[in-house]
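The figures here come from the full heavy-atom set of this structure, side chains too, leaving out hydrogens, waters and symmetry mates. So you know, we letter chains A, B, ... as the sequences are listed, proteins then strands, and number each from 1.
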Amino acid sequence: MWYHGQFATVNSTAQNQAPFACVYGRGDFGRPRRVFRVVPQPAGHTADESALWGPMPYTPIASAAASTVASAAAVAAQDLKVEAPPKAELGDFAIGCFAAAKAQRKSPAVLAAEIAASFAPSQWLASATATGPFVNFRAARPAAFRWVVTAALTDQLLPRALGAGQTICIDYSSPNISKSLAYHHIRSTVIGHSLVQIFRALGYRTVGINHLGDWGTTHGMLIAGAKLWPEALPEPVDVAALGALYQRYRKEMETDPKLEDLARQWFGRLERGDAEARAMWQRFRDISWAEFETVYQQLGITFDEVRGESAYEAAMPGVLEEMAQKGLSKESEGALVIELPGEKAPLLLKTKDGTTLYATRDLAAAQYRWTTYHFTRSLYVVDRGQALHFRQLFAALGLAGHEWASRCEHVPFGLVRLGGKKTGTRAGNVVLLKEVFADATDDVTPRIAENQAQLPPEQVAETARMVGIGAVVFANLVTQREKDVDFTWEKVVSLDGDSGPYLQYSHARCASILRKAGWTSSNVEAAAEAEQLDFSRLAHDAEWAVARRLLDFPEIVARAAQSCEPHGICHYLLDLAGDFSRWYTAGNGDATLRVLCDDEDTRRVRLMLTAAVRATMARGLGLLGMGAPDAM
RNA sequence: GCGCGCGUAGCUCAGUUGGAUAGAGCGUUGGCCUCCGGAGCCAAAGGUCGCAGGUUCGACUCCUGCCGCGCGCACCA
């Protein structure tokens with residue numbers, strides 16, 4: 001379904017093309033090109049502008065600005081981009097008149113001047129001035145303060161209708177069993193978890209899926225290894241021992257080719273349901289999951305579906321039959337493959353030994369997810385090294401005639417390097433996730449214990465976990481997904497400047513002020529009170545800067561969802577924390593500027609604004625998968 | 001070789017989908033508190049946005065070609 005002639009360039013992740021316009025998972029392989037974007041209309045969802053993507057006004061103030069220009073210039077409000085002027089002195093909201101002026105055969109500056117000249121103040125807007133081709137609007141501050149504070153306190157700042165009736169599947173984390181969760185697993189885990197929170201906050205139904213790597217020849221190696229060298233797995237068996245066994249097997253395989261056959265044999269027995277193979281595999285899987293779960297608990301992650309590759313075993317014959325029936329699969333060099341137009345390498349369905357492969361199981365999994373969830377988008381948060389796999393996978397689904405193949409998206413992220421080298425279990429270059437968390441937590445513990453001497457030790461420990469792990473999570477979300485990151489302890493546990501703890505600190509400061517003020521009302525009660533308050537008492541520019549920032553929250557989150565890029569939220573929260581800190585610091589030299597000032601009415605609205613910041617910061621941190629401590 | 005991605009301050013990164021004088025943090029230098037929490041705030045210095053063309057009113061952003069770095073290229077997942 002098209003919407004309002006609003007087109008966009010497909011970026012690296014968003015690719016909602018019409019069926020068969022491009023069956024590949026990612027919109028632009030080859031050179032990026034301009035295409036028309038089509039928003040798929042989910043079943044049972046009526047056309048409604050709230051369901052549309054893209055830059056659009058999410059607040060009544062921005063909406064009013066857009067309508068003003070739209071009616072004066074005879075263009076659709078939806079086609080106008082409302083942005084922030086580069087400097088706050090210029091105004092609160094800016095609209096460029098380029099396109100509208102062209103349609104009217106006027107110069108943008110002339111049109112802007114005309115619009116500004118005919119402007120009349122309204123409920124939301126106080127003034128409009130033309131600066132070159134831009135019309136810069138100033139908000140009616142008291143009304144804007146009241147609106148944003150109320151919305152923030154009642155958790156209505158985010159457009160929750162955006163995802164109504166739509167489902168997003170998110171495949172993330174998805175580690176292989178019998179290997180420790182190492183630092184390079186964290187990006188998929190943390191990005192995916194954040195995306196789940198983001199989509200959910202926008203009203204989507206989300207399905208977080210942990211597609212465990214629990215099937216394949218690898219597991220034949222483990223069984224074979226355990227049989228050959230039982231002493232390698234002393235009780236109690238843990239994941240580290242299983243990982244070491246796997247490493248050993250691979251190493252010995254290099255010199256002893258028979259081991260490869262042996263592993264294949266064991267996997268073959270596993271596939272055929274051999275009782276001994278099955279029992280050993282199940283045990284390794286249970287041991288692995290128990291350990292994974294402790295890490296997920298630390299991160300506050302629960303999955304809607306933990307369904308490993310093994311779960312699709314029964315679906316394999318059906319997949320193979322479908323591909324054969326549609327004439328897509330053929331034998332090549334002893335293996336069963338699907339050849340793809342424009343691709344040099346085919347997609348492999350079966351080895352020459354007849355065992356199924358990663359891709360076969362992914363085909364079945366994709367199919368399962370479609371029939372089970374009828375998703376609007378099905379996301380795979382997997383490192384960029386697997387881009388080819390997903391491109392081929394989605395292409396094969398498209399060739400098989402599944403129109404929903406175009407709803408599948410690979411959400412790639414860059415490599416994690418360690419000492420400049422690629423990390424990975426196979427390369428043996430790993431740092432364990434639980435160790436990183438433990439170290440980060442230890443790092444912050446003394447400072448919290450010192451700052452919060454009144455807290456009982458267990459609460460200090462809990463806060464330290466929240467802050468330490470939060471630092472690690474934030475460090476992994478703050479850069480664009482596709483950039484490679486080099487792991488360094490300093491960066492990951494950084495506490496100053498642009499860091500997770502800085503955000504949590506500003507949240508704790510808000511909480512501290514509210515505590516000190518004896519603020520006991522719930523957010524909802526406070527919002528009800530906002531109706532009666534005099535927001536014109538908030539007269540300082542530093543206070544307005546905070547409120548102006550809050551108004552940006554909905555668009556930031558919507559954009560993060562569209563592009564599957566949580567990092568915009570990180571930077572937004574840093575800006576919000578900065579605005580709050582500047583306001584806060586203004587009170588250092590001047591007691592009348594403090595939240596807890598003498599004037600009763602002023603204090604009341606300042607507390608209200610502080611509560612709104614606290615609520616938004618907590619909400620934002622939640623979207624990143626981080627905790628928001630009240631004291632630290 | 002082919003494909004994909006990245007290249008912005010000394011370092012690590014943003015840059016509102018083509019708009020106004022390219023912004024933060026770290027580091028460096030210098031300031032701010034008898035302070036509602038200094039994990040803070042302010043200021044200075046620091047830039048040929050890899051290079052060269054092109055598209056147009058306008059390019060860090062789009063196109064072409066180079067250069068550099070990384071990753072991926074059939075029976076692993």
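Closest-nucleotide positions on RNA chain B for A/Ser581 and A/Met632 were compared, and the one nearer the 5' end corresponds to A/Met632. Taking the nucleotide of RNA chain B with the nearest heavy atom to each of A/Arg594 and A/His567, the more 5' of the two is matched to A/His567.
When the nucleotides B/A39, B/U12, B/A14 are ranked by their closest atom to the side chain of A/Lys483, B/A14 comes out on top. The nucleotide whose nearest atom lies closest to any side-chain atom of A/Asp484 is, among B/A77, B/U17, B/G70, B/G70. Closest to the side chain of A/Arg509, from the set B/G38, B/C36, B/A39, is B/G38. When distances run from any side-chain atom of A/Arg361 to the nucleotides B/G38, B/A14, B/A77, the shortest one goes to B/A77. When distances are taken from the side chain of A/Arg384 to each of B/G5, B/G72, B/A39, the shortest belongs to B/G5.
Salt bridge status for A/Arg250 with A/Glu254: absent, with no side-chain N to carboxylate O gap under 4.0 Å. In this structure, A/Glu450 does not pair ionically with A/Arg447, as no charged nitrogen and carboxylate oxygen lie closer than 4.0 Å. With salt bridges taken as basic N to acidic carboxylate O contacts below 4.0 Å, one links A/Arg559 and A/Glu555.
With hydrogens and angles left out, the side chain of A/Thr479 and the base of B/A14 share no donor-acceptor pair within 3.5 Å. Residue A/Thr585 places no side-chain atom within donor-acceptor reach of the base of B/G40, judged by atom type and a 3.5 Å distance cut-off alone. Side-chain to base pairing of A/Glu482 with B/G70: no donor and acceptor N or O lie closer than 3.5 Å to each other.
Contact check, A/Gln392 against B/A74: no side-chain N or O comes under 4.0 Å of OP1 or OP2. Phosphate proximity of B/C42 to A/Arg582: present, with a side-chain N or O under 4.0 Å from OP1 or OP2. Within the structure, every side-chain polar atom (N or O) of A/His389 is placed at least 4.0 Å from both OP1 and OP2 of B/C71. The phosphate of B/C4 (OP1 or OP2) has no side-chain N or O of A/Arg391 nearer than 4.0 angstrom. For B/A77, the OP1/OP2 oxygens have no side-chain nitrogen or oxygen of A/Tyr358 closer than 4.0 Å. For A/Tyr584, no side-chain nitrogen or oxygen approaches OP1 or OP2 of B/A39 to under 4.0 Å. One finds a side-chain N or O of A/Ser512 lying less than 4.0 angstrom from the OP1 or OP2 phosphate oxygen of B/G37. Residue A/Gln480 places at least one side-chain N or O under 4.0 Å from the OP1 or OP2 atom of B/A14. For the OP1/OP2 pair of B/A39 and a distance below 4.0 Å, the side-chain nitrogens and oxygens of A/Arg447 include at least one atom meeting the criterion.
Of the possible donor and acceptor atoms, one in the side chain of A/Asn210 sits under 3.5 Å from a partner among the backbone N and O of A/Ser174. Panel note: side chain A/Ser188, backbone A/Val381; a donor-acceptor pair is recorded below 3.5 Å.
Note: CZ (A/Arg481) to C1' (B/A14) measures 16 Å, nearest angstrom. Between the CD1 atom of A/Ile569 and the P atom of B/A14 there is a distance of 15 Å, rounded to whole Å. Distance, A/Ile448 CD1 to B/G38 P: 16 Å, rounded to whole Å. Residue A/Trp583 contributes atom CH2, which lies 15 Å from atom C1' of B/G37 at whole-angstrom precision. The interatomic distance linking A/Tyr312 (OH) with B/A77 (C1') rounds to 15 Å, in whole Å. Between A/Asn588 atom CG and B/C36 atom C1' there is a gap of 9 Å when expressed in whole angstrom units. Atom CD in A/Gln562 sits roughly 12 Å away from atom C1' in B/U16 (whole-Å rounding). Note: NZ (A/Lys516) to C1' (B/G37) measures 7 Å, nearest angstrom.
Proximity of A/Glu343 to A/Arg391: side-chain heavy atoms (C-beta onward) are separated by under 4.5 Å at one or more points.
Atom name C1', nucleotides B/C41 and B/G37: the rounded distance is 14 Å, in whole Å. A gap of 29 Å separates the C1' atoms of B/A22 and B/A39, to the nearest Å.
B/A43 is paired with B/U29 under the criterion used here, namely a Watson-Crick or G-U wobble arrangement in which both key atom distances are under 3.5 Å. Pairing for B/G18 is absent, with no Watson-Crick or G-U wobble pair whose two atom distances lie under 3.5 Å. Under the Watson-Crick and G-U wobble criteria, each requiring two contacts below 3.5 Å, nucleotide B/C6 is paired to B/G68. Nucleotide B/U56 forms no Watson-Crick or G-U wobble pair with any nucleotide shown, as no partner meets the under 3.5 Å limit on both distances. Across all strands shown, B/A24 forms a Watson-Crick or G-U wobble pair with B/U12, both key distances being under 3.5 Å. Base pairing analysis places B/C73 opposite B/G1; the two distances defining the Watson-Crick or G-U wobble pair are each below 3.5 Å.
By the 6.0 Å and 45° rule, A/Arg509 stacks over the aromatic ring of A/Tyr584.
A/His389 and A/Asp362 are linked by a side-chain donor-acceptor pair at a separation below 3.5 angstrom, with hydrogens and angles left out of the test.
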Can you name the atoms? Protein N/O to nucleotides 19-26 of chain B N/O, anything below 3.5 Å, with the distance.
{"from": "B/G19", "atom 1": "OP2", "to": "A/Lys81", "atom 2": "NZ", "distance (Å)": "3.4"}
{"from": "B/A20", "atom 1": "N6", "to": "A/Asn136", "atom 2": "OD1", "distance (Å)": "3.1"}
{"from": "B/A20", "atom 1": "N1", "to": "A/Asn136", "atom 2": "OD1", "distance (Å)": "3.4"}
{"from": "B/A20", "atom 1": "N1", "to": "A/Asn136", "atom 2": "ND2", "distance (Å)": "3.2"}
{"from": "B/A24", "atom 1": "O2'", "to": "A/Asp498", "atom 2": "OD2", "distance (Å)": "3.4"}
{"from": "B/G25", "atom 1": "O4'", "to": "A/Asp498", "atom 2": "OD1", "distance (Å)": "3.4"}
{"from": "B/G25", "atom 1": "O4'", "to": "A/Asp498", "atom 2": "OD2", "distance (Å)": "3.1"}
{"from": "B/G25", "atom 1": "O2'", "to": "A/Asp498", "atom 2": "N", "distance (Å)": "3.3"}

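Taking 90° from 0 as the syn/anti boundary, the base of B/U64 is oriented anti.
With A/Asn136 as the partner, the side-chain hydrogen bond (donor to acceptor under 3.5 Å, both in side chains) test is satisfied by one option alone out of A/Thr129, A/Asp92, A/Thr131: A/Thr131.
Here A/Leu348 lies in heavy-atom contact (under 4.0 Å) with a base.
Scored by the salt bridge (charged side-chain N to carboxylate O under 4.0 Å, His left out) test, A/Arg549 finds A/Asp575, A/Asp579 as partners (sequence neighbours excluded).
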